Amino acid sequence: MKLHKTALVLGLFALLLATACGEDEEGVNNGTNNGANNGGNNGGNNGGNNGGGPAVSPESPMGSFRIDTDTLSVTVPAGATSVALVIDGAGSNLILAQKITNPSGVAVMDWENDVYTNRTDATDGLYTVLIPNNPEVVLEPGVWTLQFLTDGSGFDATVEAVYKTDGLGSTIDFNLFFVGVDGLDAATAKAPGPFQDILGNVKAVYAAKGITLNFPEDAYIDITGADAEKYGKVDSFQEHAELFTLSGGHPEGRINYFFVGDISGEGGFELLGLSPGVPPGPVGINGTERSGVSVNMTDFGADDAVIEIIMAHELGHHLGAFHTTERNGAALDPDGISGSDHLSDTPNCPDSADANGNKRLSAAECAAEDGGNLMFWSPANDSRAVTDGQATVWKGNPVTK
Ligand SMILES: [Ca+2]
Ligand SMILES: [Ca+2]
Ligand SMILES: [Ca+2]
Ligand SMILES: [Zn+2]
């Protein structure tokens with residue numbers, strides 16, 4: 001079991017490398033969320049997870065704790081709908097909430113024992129855990145505990161708890177940032193035309209499940225000056241991370257879309273768009289390296305349906321959804337859930353659907369299952385279906401009003 005999982009961690013690194021090398025043919029995809037949900041323990045660091053970490057509650061939302069030794073206790077007030085824990089400090093280390101236990105003592109996530117009811121994956125950098133991210137998980141009031149793993153030697157992290165207390169929501173507000181896109185800026189984007197048509201079609205995907213995407217008057221923001229020079233063409237993952245920090249100082253409690261002239265660079269770096277890190281994003285907190293969704297606008301005016309699907313799919317990740325089926329199906333981990341998400345109402349495409357035998361499952365091959373779902377790993381332009389389970393996760397995200 002242990003060796004098996006260590007092998008998967010190596011798989012995670014391999015996938016990250018593949019993405020950096022531009023082999024991510026989907027391009028919409030996130031290397032850290034691509035068939036390798038198990039990770040974080042690269043060599044048996046179990047630490048002593050009996051330490052006294054900070055007690056995070058609405059009254060004292062910030063805390064600092066040590067990732068390899070402390071248990072994080074989160075006091076959930078009665079009536080809370082969800083809580084998102086935004087954890088900063090991992091840097092280039094991987095971090096994973098390997099065990100999440102509810103006040104009744106039931107583990108809803110237990111990496112050691114293959115429990116992924118409230119799934120989370122290893123990631124580097126800023127890490128967000130959303131509870132619940134599955135309609136089958138109830139956010140019981142009381143003390144929840146989280147234990148962590150890292151592939152590093154341990155580090156101090158800070159955590160911010162963001163609670164949703166008003167039940168499931170239905171409206172999401174956005175900021176729209178424009179940088180380096182030919183013929184498109186904040187002023188022209190507001191006018192009726194192809195960009196508004198794109199927004200309308202993305203809105204329709206979410207409206208089908210009762211979620212309103214709202215683009216306020218002050219949401220249209222030009223990135224100018226030296227920043228425009230630099231980020232009009234995002235040419236590395238480093239610049240990609242920096243891009244999202246430009247959201248700092250703009251209205252919070254929103255999701256930030258960054259429309260970029262091009263996202264490509266040396267070494268095969270190329271993305272159609274990305275919600276960085278593991279789902280979800282940092283729930284309306286601006287200024288971090290993961291505070292947004294990027295959209296490569298190279299095809300604007302030529303293939304707007306692709307832009308729509310990137311926007312809708314990456315937003316789904318940012319709100320907490322995983323791929324319904326990964327590119328290799330279950331082949332990466334027949335015993336785990338690497339090949340699929342953790343929701344019971346999303347279809348899963350069997351390996352046997354690989355009609356052309358290339359060890360990858362396409363939307364066409366999976367048409368009878370989840371090829372038409374928005375969160376299929378490589379959605380087709382008409383893969384716009386959403387299940388009730390997925391929509392419930394999104395409505396429960398604290399960023400959804
Ligand atoms: Ca650049
Ligand atoms: Ca499923
Ligand atoms: Ca295939
Ligand atoms: Zn994806």
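Because the structure is a prediction, the values reported are computed rather than measured. Remember, it's 1-based here, ligands and their atoms both numbered in the order they're listed. Below, each value reflects all heavy atoms present in this structure, side chains not excepted, and no hydrogens, waters or symmetry copies. Residues: numbered from 1 along the sequence shown.
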#### Entry: Degrees at the Zn ion (ligand 4) between the NE2 atom of His323 and the NE2 atom of His313, nearest 10°
110°
### Query
Under 3.0 Å from the Ca ion (ligand 1), is there an N/O/S atom belonging to Lys230?
yes
### Task
May I ask you to check whether Phe178 and Phe195 place their ring centers less than 6.0 Å from one another?
yes
### Task
Could you check whether the rings of Phe148 and Tyr127 sit parallel, tilted or perpendicular, using 30° and 60° as the cut-offs?
perpendicular
### Message
Looking only at N, O or S atoms, which one in Glu239 sits nearest to the Ca ion (ligand 1)?
### Response
OE1
### Task
Of all the heavy-atom pairs spanning Trp394 and Ala321, show the shortest one and how long it is.
NE1-CB, 3.5 Å
### Message
For Asp299, I'd like to know if atom CG has over 12 heavy atoms of other residues, nucleotides or ligands within 6.0 Å.
### Response
yes
### Message
Testing Glu242, His240, Glu239 one by one against Tyr231 for a side chain to side chain donor-acceptor pair (under 3.5 Å), which residue passes?
### Response
Glu242
### Backbone or side-chain N/O/S of Thr324 under 3.0 Å of the Ca ion (ligand 2)
no
### Message
Salt bridge or not between Arg66 and Asp68? Use side-chain N to carboxylate O under 4.0 Å.
### Response
yes
#### Entry: Heteroatom test (N, O or S) for Leu343 near the Ca ion (ligand 2), limit 3.0 Å
yes
### Task
Would you check if the Ca ion (ligand 2) lies under 3.0 Å from any N, O or S atom of Asp341?
yes
### Task
State whether Val234 contributes an N/O/S atom found under 3.0 Å from the Ca ion (ligand 1).
no
